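Note that this is a predicted model, so its numbers are computed, not measured.
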Amino acid sequence: MALLTSQIDEDVEVQLLLNFSISEVSDLPHNVSGILNGQYEDTINNELSAFIEEVRNGDSLEEIVNNGLSRTDAHLSWLCAGVASLLHFVQCNWTGPGIDNDIDWLKTRRDEALKHLSLHDGCNVNVRRPELLYLSKTIFSNADLQLKYRSCVWWLFRASLLHQHALDEDSGVLYEETENLITEINNLNILENLLCRLSFHLEAARFYLHYRRVQNSEKHLEYAQITAGLRLNLEGAMGKRTKYQQEEKAQLYLKVEMDKDTFPSVDCEDVPKSLTLNDELRLEHIEFLEHMEETKLGMVEEAIILAKYDELQLCQPRHKLTDEEIRPYLTTVIESTKNWSLKMTSLCYRCSLESDDKRTVERSMMQAESLLKDYNDVRAPVARRMDLFFASGMRPVWTLKEKLANVMLSLGLVKSALEIFTKLGLWEDVIVCYTVLNLKHKAAEIIEQEISKKPTVKLWCLLGDATEDVSHYEVAWKLSEERSSRVQKHWGFYYFAKKNYVEAVPHLKLSVELNNIQELVWFRLGYAALQIEDWKLAAAAYRHYCALEQSTFEAWNNLAKAYIKLGDKPRAWKSLQDAIKCNYDRWEVWDNLMVVSIDLGHFSEVIRCYHRILDLKNSHSDVQVLQILTNAITNNINDADGNPASRLLQNSLELFGRITSNTVNNPDIWRMYAELVVLRKTDVDEEKAAHYLQQAYRFITSDPKWCHSEDTTLNVLELCCNLAQTYLRCATDIAVVKKRKMLGSAKLSLQGVVKKVKEQEWNNTNITQQLMKVAEYLASISNELEQIKPTE
């Protein structure tokens with residue numbers, strides 16, 4: 001009997017998690033049936049009827065829940081109350097339809113809820129009925145209930161993610177707490193149910209996508225895809241995109257293949273409608289030349305595809321080409337899904353995608369307006385809106401309103417946008433609208449009006465931004481009991497904008513200490529630290545930023561700079577490797593990597609970097625780097641991996657060949673080219689070396705004033721010695737006519753140099769010694785020529 005009860009309990013847990021029945025279980029408990037039918041408010045009132053007075057008049061809600069669970073066996077009642085409370089919160093803020101009336105006895109806990117949920121930075125002002133979220137989190141956090149129903153941990157994970165959505169700022173504390181719950185859920189027996197396991201991995205992926213942790217989300221999405229037997233491939237097919245297109249061209253589409261049957265689904269008859277484009281040029285859908293066979297998908301498979309779209313959008317830079325590549329994922333879901341949450345979310349994504357294109361921006365606006373009507377439309381059952389809600393990535397309804405206002409603003413409908421922004425309490429956007437209307441003073445006035453109604457940390461910060469009065473940040477700081485990361489962020493940004501980095505750093509630093517997942521604050525703290533030459537702080541800040549946002553090459557580049565200043569070149573080298581992964585087309589980053597590579601002895605990397613720089617800017621001269629590379633190969637020095645540098649001789653010659661084809665007038669590069677080519681030790685290479693040295697001689701002496709500088713004079717004399725040596729080696733086994741020509745050329749070069757240097761009457765030992773050597777070589781060459789001069 002106990003085993004049967006346990007099995008029924010687990011079946012109930014599974015059905016509550018999935019929001020619909022997947023097995024034939026007769027006589028479901030009334031409270032469970034009520035939840036599955038969307039009767040959330042009734043369930044809360046019924047299950048907690050014995051505690052209404054305590055909730056209305058008692059001390060803390062946590063004590064009431066803990067005492068209630070300790071003195072009763074009605075664990076299922078509390079579980080159902082928690083689930084109904086959380087789903088009712090979802091209905092009020094995400095799925096609709098909206099409800100005007102509060103639960104009076106629970107409303108008394110609203111201030112307590114806001115205080116606990118705000119985490120010192122404040123909840124979003126648009127959150128409705130926060131006491132429902134607070135109640136559900138309190139119930140799911142109870143240790144006794146978690147022992148009885150292990151799925152409580154999963155529900156707590158869901159509640160925590162909704163908690164994050166209810167906040168204005170991403171919270172590092174909440175992130176860590178919620179991530180720890182993922183590990184606990186992963187060990188639950190309930191995941192033996194394949195559909196539960198799929199739902200869990202989708203929800204975990206959605207959690208990481210919210211925080212832009214793409215690498216973590218990839219793992220969960222990949223597992224979900226494998227479990228579902230789903231293969232997704234972008235392929236091309238001939239088709240037409242516009243109404244007047246004469247010829248078909250290659251178009252992208254998503255080819256979906258499945259190894260398994262679809263998972264159980266529940267269709268919703270009244271899903272939000274996709275509006276037609278009604279464009280005079282573009283077709284509503286791509287017209288493919290051949291009929292594309294469509295794979296029948298269930299809502300779980302559609303949720304995987306939609307999450308994949310979101311992931312691809314996050315991990316790639318925003319560009320029209322990128323949008324075209326990922327659009328087929330979105331189109332597949334929009335056209336096939338009968339799931340309310342997935343349809344709503346996918347259409348919201350399309351609104352964002354189309355808001356920047358003049359041909360689609362009007363549909364974007366009208367679609368957003370249509371979705372807001374769908375939110376309030378009572379035809380779609382409340383329960384069906386909840387199917388796969390937690391795996392859909394759906395955002396709160398106020399974000400859709402914000403999107404609508406932004407589209408209106410882009411279309412020039414400033415007053416309409418201003419009205420929405422004001423209702424949403426988006427005062428930063430209100431300031432933008434008033435600025436466009438040349439009424440910036442009104443922004444400060446309206447914020448002051450709001451403060452007079454109910455002062456909040458956020459409002460005081462925004463007033464400080466609008467008036468540039470630091471005292472307002474001080475008021476906000478005291479109001480937050482000196483624990484708000486937002487206040488310190490605004491304060492730091494104020495000084496940062498004025499380039500007062502010394503003042504900005506302490507505030508930015510304190511802000512990230514209070515909340516460590518603020519990407520922009522870490523980035524600006526790193527930059528400010530660089531400006532005041534606090535290299536250690538700069539490295540720490542950029543390191544944290546790169547852990548949160550891995551695709552910004554400037555951050556990796558600046559991190560490398562900080563490491564170089566700290567003398568840690570190996571870490572700088574690794575950072576620059578990451579920088580070029582983020583931006584392959586910035587020659588400055590390649591140049592930095594090349595310089596650090598030469599210092600560390602990564603000679604093959606130096607050659608690769610130099611080639612890439614030439615790809616990007618055609619010509620580039622870094623004599624210092626090339627000289628170190630040449631010396632390493634000439635002296636056969638071991639590189640950073642212990643390999644002899646001489647193995648790079650051929651690669652280096654190819655590089656020098658490319659450099660000299662674009663940069664012909666640099667004598668140092670020609671000299672080094674000669675040093676390297678002679679290492680191949682063939683007669684042809686000796687002649688090439690002589691030719692390259694002659695080129696170097698020609699360019700270094702092209703300036704008539706070369707002999708007025710000590711350094712240049714020494715360089716010319718040394719070059720003449722190398723030139724003479726090379727010509728004498730070349731002239732050993734060649735025809736007399738050719739030998740006479742080569743030595744004659746060398747003699748003329750050396751004679752001109754000797755004459756000019758003597759005219760300067762240098763009193764420099766080094767020059768005198770080098771001049772004597774050149775004179776000796778000149779004598780040797782003259783003797784050789786005397787011996788082979790033609791007889792009369």
Side-chain angles (χ1 to χ4, degrees), residues 89-98 121-130 161-171 206 209-212 272 275 310 313-314 318 330 341 343-357 360-376 389 392-437 442-443 446-447 450 456 458-459 461-462 465-466 486 489-490 519-520:
F89 179 71
V90 171
Q91 179 186 345
C92 292
N93 294 282
W94 272 265
T95 60
D121 277 322
C123 290
N124 190 296
V125 293
N126 299 291
V127 175
R128 301 191 63 200
R129 303 192 181 184
L161 185 53
L162 297 188
H163 184 181
Q164 178 61 82
H165 283 293
L167 297 175
D168 280 324
E169 306 277 334
D170 284 347
S171 166
R206 282 295 179 185
L209 284 172
H210 174 81
Y211 289 98
R212 301 177 66 86
L275 301 186
D310 206 5
Q313 190 181 48
L314 277 178
R318 186 73 194 270
L330 190 58
S341 291
K343 187 79 168 193
M344 191 82 167
T345 306
S346 57
L347 289 173
C348 281
Y349 284 164
R350 192 179 70 183
C351 285
S352 297
L353 196 64
E354 293 187 341
S355 62
D356 295 331
D357 190 316
T360 55
V361 64
E362 287 192 19
R363 175 166 73 170
S364 175
M365 183 181 72
M366 290 189 292
Q367 185 71 72
E369 290 174 331
S370 174
L371 292 176
L372 287 171
K373 289 177 183 175
D374 289 319
Y375 168 83
N376 288 308
F389 164 78
S392 69
M394 190 174 173
R395 302 301 297 270
V397 67
W398 61 81
T399 61
L400 177 57
K401 293 176 181 177
E402 182 183 356
K403 169 54 66 180
L404 173 60
N406 280 317
V407 175
M408 286 177 168
L409 185 60
S410 71
L411 288 170
L413 306 172
V414 183
K415 290 185 178 178
S416 298
L418 175 60
E419 185 180 349
I420 296 174
F421 287 138
T422 304
K423 287 180 180 177
L424 295 175
L426 295 170
W427 308 115
E428 297 101 321
D429 298 291
V430 168
I431 292 169
V432 171
C433 290
Y434 277 126
T435 303
V436 172
L437 295 169
K442 289 284 290 181
I446 197 168
I447 294 171
E450 294 299 316
T456 65
K458 181 179 179 181
L459 285 170
C461 288
L462 293 174
D465 294 345
R486 171 191 277 275
K489 178 181 75 171
H490 282 260
E519 287 95 332
L520 183 57

In short, salt bridge (charged side-chain N to carboxylate O under 4.0 Å, His left out) pairs touching residues 393-402 with sequence neighbours left out are none
Notebook entry, point to check: Under 3.5 Å, is there a donor-acceptor pair between the side chain of Gln91 and the main chain of Gly98?
Noted result: no
**Prompt:** Can you tell if the side chain of Val361 reaches within under 4.5 Å of the side chain of Glu354, non-hydrogen atoms only?
**Reply:** no
Worksheet item: Does one side chain, of Gln164 or Tyr211, offer a donor that lies under 3.5 Å from an acceptor on the other?
Response: yes
* Asked: Side chains of Asp121 and Asp168: closer than 4.5 Å at any heavy-atom pair?
  -> no
dist Cys123:SG -> Lys458:NZ (nearest 0.5 Å) comes out at 11.5 Å
Q) Is it true that the side chains of His490 and Arg486 contain a donor and an acceptor less than 3.5 Å apart? A) yes
Checking the side chain of Arg350 only, and the main-chain atoms of Leu330 only, is there a donor and an acceptor separated by less than 3.5 Å? no
In this structure, CG of Leu404 is separated from CE of Met366 (nearest 0.5 Å) by 12.0 Å
Value for CG (Leu462) from CG (Leu426), rounded to nearest 0.5 Å, stands at 10.0 Å
The reported gap from SG in Cys348 to CG in Leu400 (rounded to nearest 0.5 angstrom) is 4.5 Å
Taken to the nearest 0.5 Å, the spacing of Leu275 CG from Arg363 CZ works out to 7.5 Å
Of all heavy-atom pairs linking Lys403 and Ser352, the shortest is CE-OG, 3.3 Å
Count the heavy atoms of every other residue, nucleotide or ligand shown that sit under 6.0 Å from CD of Glu362, and state whether that count exceeds 12. no
CG (Leu353) and CD (Gln313) are apart, to the nearest 0.5 Å, by 6.5 Å
Correct closest heavy-atom pair for Val127 and Ala166 would be CG2-O, 3.5 Å
When every non-hydrogen atom of Asn93 is compared with those of Arg128, the smallest separation belongs to OD1-N, 2.7 Å
Do Val90 and Met394 come within less than 4.5 Å of each other through their side chains, counting heavy atoms only? no
Nearest heavy-atom contact between Gly122 and Leu167 is O-CD2, 4.0 Å
Under 3.5 Å, side-chain donor or acceptor atoms of residues 409-423 against the rest of the protein: list the pairs with distances, not counting sequence neighbours.
| residue | atom | partner | partner atom | Å |
| --- | --- | --- | --- | --- |
| Ser410 | OG | Val407 | O | 2.6 |
| Thr422 | OG1 | Leu418 | O | 2.7 |

Just so I know, are the side chains of Arg212 and Glu519 near enough to count as touching, which here means a heavy-atom distance under 4.5 Å? yes
Asn126 side chain vs Leu424 backbone, donor-acceptor pair below 3.5 Å: yes
Does Val125 reach the side chain of Trp398, with side-chain heavy atoms less than 4.5 Å apart? no
When every non-hydrogen atom of Leu209 is compared with those of Leu314, the smallest separation belongs to O-CD1, 3.4 Å
* Could you go through the ring-ring contact (aromatic ring centres under 6.0 Å, His included) check for Trp94 and Tyr375 one step at a time? => CA-CA 8 Å; Trp94 272 265; Tyr375 168 83; over 10 Å; no
- Item | Side chain to side chain, Met365 and Cys351, heavy atoms closer than 4.5 Å | no
*Side-chain heavy atoms of His165 within contact of Thr399, under 4.5 Å*: no
Is there a side-chain contact between Ser370 and Asp374, using heavy atoms and a 4.5 Å cut-off? yes
With distance as the sole test, does Thr345 use its side chain to make a donor-acceptor pair with the main-chain N or O of Ser341 at under 3.5 Å?
-> yes
